[in-house]
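In what follows, every chain begins at residue 1, and chains take the letters A, B, ... in the order their sequences are listed. Below, each value reflects all heavy atoms present in this structure, side chains not excepted, and no hydrogens, waters or symmetry copies. Note that the structure is predicted; figures quoted are calculated from it, not measured.
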There are 2 protein chains.
Amino acid sequence: MTVSKERQHIFIYAAALAALVLFLKWMEWKFLLANNSIEIYIGLIALFFTILGIWIAKQLIKPKVEIKVVEKEVLVYPSPEIDEAMIEKLELSAREYEILQLIAKGLSNDGIAKTVFLSVSTVKTHVSNLYFKLDVKSRTQAIEKAKQLKIIA
Amino acid sequence: MTVSKERQHIFIYAAALAALVLFLKWMEWKFLLANNSIEIYIGLIALFFTILGIWIAKQLIKPKVEIKVVEKEVLVYPSPEIDEAMIEKLELSAREYEILQLIAKGLSNDGIAKTVFLSVSTVKTHVSNLYFKLDVKSRTQAIEKAKQLKIIA
DNA sequence: ATCGGCCTCATACTAAAGTACCAATTTGTG
DNA sequence: CACAAATTGGTACTTTAGTATGAGGCCGAT
């Protein structure tokens, strides 16, 4: 794009020069016919070339490029992305993870037992194993850690 | 600053014009003495005024400022805004709210007692009152509800 | 100064959570 | 099939959580 624009400038400039040559020849011819006004002639040439110079400059002056950095605020919703990889790394079994989620919902062992149709004993076993794998010692700690590890919402 | 610069430009331009007049007179005088090279004369004038025009343009034309807008994405995390109004609505006292936060961190009653230098009895009292105000019956439920009500992070 | 709310602490009790250890069944994989 | 891991369930026990109740001190407002 820049190259084509440069070429266009060169072309326009060449055309202007050609017109100039013709103009000069015409002026010169006119001057020979009536050379009683050399000052006017010189003045016209001066005016013309001044304007030409200005025009050329206008075409050639490179626009200053001002880089304006606009900070665009992008709302990032704390993705309730569940870190599945972490769950596997912790070697949490399906039941353990399921029960972890129920714990986070505030259910008691008894409540968990009733929702997943298990005995409280079984729930306790899972919960204990869960604590061991999460390296915690209570439900509340488990909830905190699970949230930090992004394995629950 | 802009005004003084403008005046400077005008002054320089005037000086250039004065020099020009002198130059023209000198050229004219030389031309009258030897008018055998009118093309060279015209050519010199053309060249001079072209350069002059370019120079004027350079001095006067305000460079086009091309504003390049670069969007920089700034991640904005929707602040886990704490609903202070809700805290007041629930009529949670300072201690109760403080202890609620410690509960959410996974601390036991004993842990809380040691961190805020209270007896476990006092902590239990606060916790019980807290449960009543939050309408829950256990720590885990309190944590869940507190998060739903956005009164803790 | 009296009253209510808050903070503090204690005792006594019940309920729930958590640990330890064991054991039977299921399930998926080599 | 055989084996490991997961799932289920139990008993016994300790610890923690939670409730109920009472009580004293502090402080601001009426």
Side-chain angles (χ1 to χ4, degrees), chain A residues 82-149 151-152, chain B residues 82-149 151-152:
Chain A
I82 303 173
D83 193 344
E84 315 266 4
M86 181 59 72
I87 298 176
E88 288 187 13
K89 182 189 280 185
L90 294 171
E91 294 178 334
L92 297 188
S93 71
R95 270 301 198 206
E96 286 162 358
Y97 181 63
E98 185 182 11
I99 289 179
L100 170 61
Q101 290 175 314
L102 296 177
I103 286 178
K105 281 186 181 174
L107 293 192
S108 63
N109 289 339
D110 191 63
I112 295 173
K114 282 168 181 165
T115 47
V116 294
F117 304 105
L118 287 179
S119 71
V120 180
S121 297
T122 306
V123 173
K124 282 189 175 183
T125 303
H126 287 313
V127 169
S128 278
N129 294 332
L130 185 60
Y131 291 173
F132 175 75
K133 291 179 180 177
L134 286 181
D135 189 30
V136 295
K137 287 181 181 59
S138 71
R139 313 168 86 69
T140 51
Q141 285 181 20
I143 294 174
E144 250 298 286
K145 191 132 192 179
K147 296 212 175 193
Q148 282 185 359
L149 298 177
I151 59 180
I152 59 174
Chain B
I82 302 174
D83 194 343
E84 315 267 3
M86 180 59 71
I87 298 176
E88 287 187 15
K89 182 189 281 183
L90 294 171
E91 293 179 334
L92 296 188
S93 71
R95 270 301 198 205
E96 287 162 357
Y97 181 63
E98 185 182 10
I99 289 180
L100 170 61
Q101 291 174 315
L102 296 177
I103 286 178
K105 281 186 182 173
L107 293 191
S108 64
N109 288 339
D110 191 63
I112 295 172
K114 282 168 182 166
T115 49
V116 294
F117 304 104
L118 286 179
S119 72
V120 180
S121 297
T122 307
V123 173
K124 281 189 175 183
T125 303
H126 286 312
V127 169
S128 277
N129 295 333
L130 185 60
Y131 291 172
F132 175 74
K133 291 179 181 176
L134 286 180
D135 189 31
V136 296
K137 287 180 182 59
S138 71
R139 313 168 87 68
T140 52
Q141 286 180 22
I143 294 174
E144 251 297 287
K145 191 131 192 179
K147 295 212 175 194
Q148 282 184 358
L149 297 177
I151 58 180
I152 59 174

**Asked** Looking at CG of B:L134 and CD1 of B:I143, how far apart are the two atoms once the value is rounded to the nearest 0.5 Å?
**Response**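 Answer rounded to 0.5 Å: 11.0 Å.
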
**Asked** From B:I103 CD1 over to B:I112 CD1, what is the distance, rounded to the nearest 0.5 angstrom?
**Response** 4.5 Å

Expressed in angstrom and rounded to an integer, what is the separation of [X] atom [atom1] from [N] atom [atom2]?
X	N	atom1	atom2	value
A:L118	C:dT26	CG	C1'	14 Å
B:I112	C:dC9	CD1	C1'	16 Å
A:I99	D:dG9	CD1	P	10 Å
B:N129	C:dC7	CG	P	9 Å
B:K133	D:dT19	NZ	P	14 Å
A:H126	D:dT7	NE2	C1'	5 Å
B:L130	D:dA17	CG	P	14 Å
A:F117	D:dT7	CZ	C1'	17 Å

**Message:** Check this for me: does the side-chain of B:T125 come within 3.5 Å of the base of C:dC9 through a donor and an acceptor?
**Reply:**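 In this structure, the two groups form a donor-acceptor pair.
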
**Message:** At less than 4.0 Å, is any side-chain N or O atom of A:T122 found next to OP1 or OP2 of D:dG9? Yes or no.
**Reply:** yes

**Request:** Report yes if a side-chain nitrogen or oxygen of A:S119 is closer than 4.0 Å to either non-bridging phosphate oxygen (OP1 or OP2) of D:dG10; otherwise report no.
**Result:**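 Checking A:S119 against D:dG10: at least one side-chain N or O falls below 4.0 Å of OP1 or OP2.
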
**Message:** As a test of understanding, state which of B:E91, B:E96, B:E88 forms a salt bridge (Lys or Arg N to Asp or Glu O under 4.0 Å) with B:K133.
**Reply:**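 Checked B:E91, B:E96, B:E88 against B:K133; only one passes salt bridge (Lys or Arg N to Asp or Glu O under 4.0 Å): B:E96.
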
**Nucleotide nearest A:S121 (side chain, heavy atoms from C-beta), chosen from D:dG10, D:dA6, C:dC9** = D:dG10

**Request:** Treat primed atoms plus P, OP1 and OP2 as sugar-phosphate and everything else as base, then score nucleotides 12-18 of chain C 5' to 3': B for base contact with protein heavy atoms under 4.0 Å, S for sugar-phosphate contact only, - for none.
**Result:** -----BB

**Asked** Do you know which two heavy atoms are closest between A:G106 and B:S138, and how far apart they sit?
**Response** O-OG, 4.1 Å

**Asked** How sharply is the helix from C:dA1-D:dT30 to C:dG30-D:dC1 bent, taking the axes over five pairs at either end and rounding to 10 degrees?
**Response**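 Nearest ten degrees gives 50° for this helix.
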
